[in-house]
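Taking it in order: structure first as structure tokens, then the write-up.
Convention: sequence-line order gives letters A, B, ...; per-chain numbering from 1. Quick caveat: nothing in here was measured; it's all calculated off a predicted structure.
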There are 2 protein chains.
Amino acid sequence: MDKKYHHGELKIQLIKSGLQMIQEDGINKLSLRRLAQMCNVSEAAPYSHFKNKEELLVAIQEYVTEQLQRCLQDAYEKTEHCNSPIAILNMGKAYVQFFIKYPEYYSFLFAQPYLKIDLSMDNEPNAFEPFQYYKEKTYTIYKNEGFDEERIKYGIIAMWAKVHGIAAIASMQGVNRDFEWEDVLDKILVE
Amino acid sequence: MDKKYHHGELKIQLIKSGLQMIQEDGINKLSLRRLAQMCNVSEAAPYSHFKNKEELLVAIQEYVTEQLQRCLQDAYEKTEHCNSPIAILNMGKAYVQFFIKYPEYYSFLFAQPYLKIDLSMDNEPNAFEPFQYYKEKTYTIYKNEGFDEERIKYGIIAMWAKVHGIAAIASMQGVNRDFEWEDVLDKILVE
DNA sequence: TGCTAAACTTAACAGTGTTAAGATTGGAGG
DNA sequence: CCTCCAATCTTAACACTGTTAAGTTTAGCA
């Protein structure tokens, strides 16, 4: 039954179970020992795959970031004419809906100090990917609309701030859970 | 020198020193024992003033919230004609600048699950005060401008989302520290 | 002055992250 | 097929954490 020395899939299982614990109890109650126990493994086993707890958290963060990235990409690619501003709106909606669906993910992702947000138009390799993706797509769309560089720059930041701000508010505990975010998003993001 | 049983000011000293530790090392490294040690007091002394760690964190949160509230109020009251939309802009700027000044405060305030954000126009007594204040002032200003209820409602949320989103981004680690937030705020918040 | 309740200390408990030392194992090379 | 090694996992310990119980000090009121 519980074969000792279970092999091959502990690393990804730690990431997935860790994320599940975060989703259920919040980041503060994530314990390496409980996590190891949940994976039917000794308390020191995680250290074969991660140097320390922080490295595991970074791995989970990357895992979540990929999910979020995929949501944005889907939203973009499923837009009829993906070079129209509608695509920007859809990416924004996808971003917010991601954190409405998983409220615990927001504070986990952004309260940890491991993310790099690159506001410039350079392509920093290690920066937060969903924002990089959004930035690139929005740039070409705005360019397509004939906006000048200055307006593009501020347009990107303004839109991202709105989207991120709504995500922050929506993911907060104690916020009205039955709030009609769909309407708000439509009205706010189109400006 | 180090008189035993130091009286009368331990509670506020715990809050202030705790906040200082958060500011220096982040919320994750705040330890009750180190904090007690820093206040020249035994490890169990804080429990005379707070039921547990969480209650101390709530107290610190209230302390920070008051500071932020005062910033908003100052910004509002120092505006020439405080019934003009300029006052809204100034409150927004004050909000963002608060978190640019104290980047650690953002994740401390909003990653903890103790805050209640009330998006309705009711006056929830226990809701996050700075937002309540902003909401009230903005309401009368928009009303003064002749906006209808629907537009006011979404206007308030839209503006707050932008402001809060910028604060979130600005307070992030790894974000360009020399970014010219003043310009961005002027361009974004006026729309 | 004496008493009481609040404020503090000491000592202990369980739980945490982390490391060192050793046990087990899959799989590559002879 | 066997051997051996590096990767993986275990056990045992360490220092640190939040928290509680029981006892000590002290300010301030009767």
Side-chain angles (χ1 to χ4, degrees), chain A residues 1-63 104 107-108 111-114, chain B residues 1-63 104 107-108 111-114:
Chain A
M1 263 315 137
D2 43 19
K3 50 177 176 183
K4 281 182 179 179
Y5 289 91
H6 97 69
H7 268 259
E9 52 188 61
L10 178 57
K11 184 169 186 177
I12 185 65
Q13 195 182 338
L14 285 169
I15 292 175
K16 286 183 179 176
S17 300
L19 185 54
Q20 192 186 336
M21 282 181 63
I22 290 169
Q23 199 175 338
E24 286 168 3
D25 306 330
I27 175 68
N28 291 329
K29 287 177 185 166
L30 175 66
S31 143
L32 269 190
R33 294 174 101 113
R34 283 205 304 126
L35 184 55
Q37 196 175 333
M38 180 178 287
C39 296
N40 288 108
V41 118
S42 85
E43 53 201 20
Y47 289 87
S48 294
H49 300 277
F50 303 100
K51 209 184 72 193
N52 49 29
K53 187 179 182 181
E54 177 167 322
E55 217 176 60
L56 169 62
L57 291 181
V58 170
I60 299 180
Q61 206 172 37
E62 285 168 356
Y63 185 79
E104 288 294 340
S107 67
F108 166 66
Q112 310 297 326
Y114 316 130
Chain B
M1 257 319 134
D2 44 18
K3 50 178 175 181
K4 278 181 179 179
Y5 288 91
H6 96 71
H7 267 258
E9 51 187 63
L10 177 57
K11 185 169 184 176
I12 185 64
Q13 195 182 338
L14 285 168
I15 292 175
K16 286 182 178 175
S17 300
L19 186 53
Q20 191 185 335
M21 282 181 63
I22 290 170
Q23 200 174 336
E24 287 169 1
D25 306 329
I27 175 65
N28 292 328
K29 286 177 186 167
L30 175 65
S31 143
L32 270 190
R33 295 175 101 111
R34 281 204 306 127
L35 183 56
Q37 197 174 332
M38 180 179 286
C39 296
N40 289 107
V41 117
S42 85
E43 54 200 19
Y47 289 88
S48 295
H49 300 278
F50 304 99
K51 208 185 73 190
N52 49 28
K53 187 179 181 181
E54 177 168 322
E55 217 176 59
L56 169 62
L57 290 181
V58 170
I60 298 179
Q61 206 173 36
E62 285 168 357
Y63 185 81
E104 288 293 341
S107 66
F108 166 65
Q112 309 298 325
Y114 317 131

Checklist entry - Do A:Val41 and A:Gln13 come within less than 4.5 Å of each other through their side chains, counting heavy atoms only? => result no
Item to check | Interface with DNA chain C, restricted to residues 47-61 of chain B and to heavy atoms under 4.0 Å | outcome: B:Ser48, B:His49
Item to check | Rounded distance in Å - CG (B:Leu10) to C1' (D:dA27) | outcome: 16 Å
Next on the checklist: The criterion is side chain to side chain donor-acceptor pair (under 3.5 Å); which residues satisfy it with A:Glu62, sequence neighbours excluded?
Outcome noted: none
Checklist entry - Quick one: are B:Asn28 and A:Gln112 in side-chain contact, heavy atoms under 4.5 Å? => result yes
Next on the checklist: Filter on salt bridge (charged side-chain N to carboxylate O under 4.0 Å, His left out), then keep only pairs touching residues 31-41 of chain B, sequence neighbours left out; what's left?
Outcome noted: B:Asp25-B:Arg34, B:Arg33-B:Glu43
Next on the checklist: Exactly one of B:Leu14, B:Leu57, B:Leu32 should register a side-chain contact (heavy atoms from CB on, under 4.5 Å) with B:Phe50. Which one does?
Outcome noted: B:Leu14
Checklist outcome for this item: To the nearest angstrom, the CG-P distance between A:Leu14 and C:dG17 comes to 12 Å
Next on the checklist: Suppose the criterion is salt bridge (charged side-chain N to carboxylate O under 4.0 Å, His left out): which pairs have a residue in residues 45-60 of chain A, not counting sequence neighbours?
Outcome noted: none
Checklist entry - What residues, two or more places apart in sequence or in another chain, satisfy side-chain contact (heavy atoms from CB on, under 4.5 Å) together with A:Gln23? => result A:Tyr102, A:Tyr105
Checklist entry - Is the cationic atom of B:Lys16 (NZ for Lys, CZ for Arg) positioned less than 6.0 Å from the six-membered ring centroid of B:Tyr63 and within 45 degrees of its normal? => result no
Checklist entry - Nearest of C:dT10, D:dA13, C:dA20 to any side-chain atom of A:Glu43? => result D:dA13
Item to check | Nucleic acid contacts - residues 26-36 of chain A versus DNA chain C, non-hydrogen atoms under 4.0 Å | outcome: A:Leu30, A:Ser31, A:Leu32, A:Arg33, A:Arg34
